[in-house]
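This report refers to the structure that appears directly beneath it.
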Amino acid sequence: MTTILVVNSGSSSAKYQLVNATNGERFASGLVERIGESVGRIRHETDEVLSELELAVPDHAAGFAAMLDAFARAGTPVSGLGIAAVGHRVVQGGSEFVEPTLITDAVAERILTLGELAPLHNPAHYQAIVAARVAFPDVPHVAVFDTAFHQTMPPEAYTYAIDTAVAGEHGIRRYGFHGISHLVVSRRAAAFLGKPVSSLKQVVLHLGNGASACAIDGGISVDTSMGLTPLEGLVMGTRSGDLDPGLMLHLLRAGYDTDQLDQLLNKRSGLMGLAGSNDFRDLQRAAGSGDAASQLAFGVYVHAIRRYLGAYLVELGGADVIVFTAGVGENSPALRAAVCAELDWFGVRIDASRNAAVGGGPRRISTDNSRVDVLVVPTDEEAEIARQTWQLVSA
Ligand code: ADP
């Protein structure tokens with residue numbers, strides 16, 4: 001019995017998947033949206049069934065009830081599915097959660113208090129955890145943290161140069177996110193190359209709606225671009241990435257309040273702020289038809305990635321592998337070509353036809369004589385959460 005229910009809850013949505021932990025195979029997946037609004041929605045999908053339903057989902061408990069109903073309506077009630085455990089993705093694990101952790105009352109409470117560092121995410125995770133433990137009282141629940149993989153960063157990489165007393169009082173340091181993805185992608189890249197992960201220096205570029213870069217030395221995260229929050233680093237769909245912190249002071253003095261700044265930097269910046277859409281496909285189409293704002297946004301996006309790539313090549317003392325993953329990284333040959341342009345001096349050579357090919361699994365896009373392997377490796381955070389959950393509960 002290796003069937004794991006994976007739950008990935010956000011502030012107003014919850015994704016779920018039923019996954020076979022041993023091979024990553026998916027039996028069902030779904031998305032509950034607009035939790036807390038007057039009309040919510042659930043989409044439930046298996047190989048045979050696709051159902052969509054609008055209904056009121058006032059909170060995460062109701063979201064869970066909607067999910068249970070969706071399984072029943074699809075003719076596969078959860079009671080008959082042999083679910084062995086529930087794996088919860090948790091965005092912020094602070095400094096103490098460095099591994100997948102069995103959820104007890106105390107662990108759940110700690111996840112809630114860590115909401116100070118992730119106000120949009122951890123309180124929602126907590127609600128979902130409580131609801132899930134009520135719905136599935138007889139199976140273990142495991143928290144898998146997005147921050148855990150980066151807990152290996154050395155102090156000089158995770159410390160911000162501010163007053164240490166202030167940093168200590170408020171838990172201010174770089175935590176890094178997307179850790180589940182960086183871990184699984186770096187392992188898959190090594191497996192694809194047929195080399196032990198311990199022998200490789202990798203730069204992984206996770207480029208989705210959120211985006212982050214990670215320097216991985218021998219399988220261990222040594223630096224990453226997201227920081228205290230998932231706002232730092234690369235340019236993203238709606239998030240600014242790196243800024244001069246003085247910009248915030250400037251806007252505060254100009255009359256902005258905290259919520260307005262939050263909205264501006266998290267929801268109305270990045271590609272959205274520069275070109276009016278956070279969808280990279282739209283951006284590419286508009287740039288291709290001559291839209292100057294979209295062309296600039298593409299350039300700014302690439303520039304930020306190359307800055308981090310350059311930094312990590314120095315930090316790692318060179319790299320064996322550069323890996324592209326997530327929606328943009330897996331699907332945009334133009335973006336990959338722009339990031340890798342003119343890196344011949346460093347031993348990076350892209351094969352144009354390999355880069356243009358559309359493929360499902362891990363693949364090489366560098367030439368056979370490229371000193372650095374450049375790969376596209378699909379991420380699968382849910383399969384990794386299922387694997388880690390199963391590893392803990394079957395130990
Ligand atoms: P999330 O962070 O929400 O999981 P994804 O990893 O799914 O995001 O990435 C979403 C991004 O990937 C969007 O900007 C989308 O436009 C982009 N994307 C998806 N398919 C393509 C494609 N074929 N070409 C370019 N960009 C794509």
Side-chain angles (χ1 to χ4, degrees), residues 6-17 26 29-33 43 45 89 91 118 120-121 124 144 146 176-185 188 204-214 224-226 229-241 266-289 291 293-295 297-302 304-305 323-340 355-363 365 376-385:
V6 176
V7 178
N8 184 350
S9 49
S11 51
S12 64
S13 68
K15 293 187 220 166
Y16 59 87
Q17 285 194 4
R26 220 160 244 99
S29 61
L31 170 65
V32 187
E33 287 177 290
R43 178 190 163 91
E45 198 172 350
R89 171 176 180 243
V91 164
L120 293 181
H121 291 102
V144 181
D146 235 7
F177 300 88
H178 285 150
I180 300 162
S181 178
H182 286 302
L183 182 141
V184 67
V185 166
R188 285 182 177 186
V204 176
L205 301 168
H206 177 113
L207 309 172
N209 253 320
S212 69
C214 187
T224 193
S225 58
M226 284 177 167
T229 73
L231 184 54
E232 191 182 355
L234 305 180
V235 174
M236 308 182 211
T238 62
R239 287 173 241 161
S240 62
N266 279 302
K267 303 274 188 225
R268 293 196 286 121
S269 292
L271 301 176
M272 172 69 90
L274 290 171
S277 169
N278 62 330
D279 189 308
F280 209 78
R281 285 163 294 201
D282 291 347
L283 183 90
Q284 285 186 286
R285 265 192 296 272
S289 35
D291 179 57
S294 300
Q295 289 169 350
F298 186 92
V300 174
Y301 188 87
V302 170
I305 297 169
V323 193
F324 287 90
T325 193
V328 177
E330 290 169 33
N331 296 302
S332 177
L335 180 277
R336 295 192 297 256
V339 169
C340 296
N355 185 34
V358 180
R363 56 200 188 272
I365 60 166
V376 174
V377 177
T379 188
D380 193 340
E381 288 160 293
E382 284 76 17
E384 179 59 20
I385 293 167

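In what follows, residues are counted from 1 in the order of the sequence shown. Numbering of ligands and ligand atoms starts at 1, following listing order.
Inside a 4.0 Å radius of atom 4 (O) of ligand 1 there is not any protein heavy atom.
Residues Tyr16 and Val32 meet the side-chain proximity criterion, which asks for heavy atoms closer than 4.5 Å. Contact check for Arg239 versus Pro230: side-chain heavy atoms found under the 4.5 Å cut-off. Side-chain contact between Leu335 and Tyr301 is present, with at least one heavy-atom pair separated by less than 4.5 Å.
Using cut-offs of 30° and 60° for the angle between ring planes, the Phe280 and Phe298 rings count as tilted.
An N or O contact shorter than 3.5 Å links Phe280 to ligand 1 by distance. Polar contact check, Val328 against ligand 1: a nitrogen or oxygen pair lies under 3.5 Å apart. Considering backbone and side-chain N/O atoms, Ser332 never comes within less than 3.5 Å of an N/O atom of ligand 1. Checking only distances, Lys15 never comes within under 3.5 Å of ligand 1, N or O to N or O. Looking at ligand 1, you won't find any N or O of Gly208 less than 3.5 Å from one of its N or O atoms.
Closest protein heavy atom to atom 18 (N) of ligand 1: Gly327 O, 3.7 Å. In this structure, the protein non-hydrogen atom closest to atom 2 (O) of ligand 1 is Asn209 N, 3.0 Å. Among protein heavy atoms, the minimum distance from atom 16 (O) of ligand 1 is reached at Asp279 OD1, 2.6 Å. When only non-hydrogen protein atoms are considered, atom 21 (C) of ligand 1 lies nearest to Asn331 CB, 3.4 Å. Given atom 15 (C) of ligand 1, the protein heavy atom at minimum distance is Arg281 NH2, 3.7 Å.
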Test side chain to side chain contact (heavy atoms under 4.5 Å, CB included) on Asp380 and Arg188; report intermediate values, then the result. CA-CA 10 Å; Asp380 193 340; Arg188 285 182 177 186; 3.7 Å; yes
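Heavy atoms of Gln284 come nearer than 4.0 angstrom to ligand 1 in at least one pair. Using a 4.0 Å heavy-atom cutoff, Gly237 is absent from the residues neighbouring ligand 1. Contact annotation: Asn278 has at least one heavy atom less than 4.0 Å from an atom of ligand 1.
At distances below 3.5 Å, not a single donor-acceptor pair connects side-chain atoms of Ser181 with backbone N or O atoms of Glu381. Between the side chain of Gln295 and the backbone N or O of Ala287 there is at least one donor-acceptor pair closer than 3.5 Å. Under a 3.5 Å cut-off, the side chain of Glu330 and the backbone N or O of Thr379 do form a donor-acceptor pair. Here the side chain of Asn355 pairs a donor or acceptor atom with the backbone of Pro333 at under 3.5 angstrom.
Separation of atoms CG (Leu207) and CG (Asn331) is listed at 11.0 Å; rounding is to 0.5 Å.
Proximity to Gly210 (heavy-atom distance under 4.0 Å) selects the following atoms of ligand 1: 2 (O).
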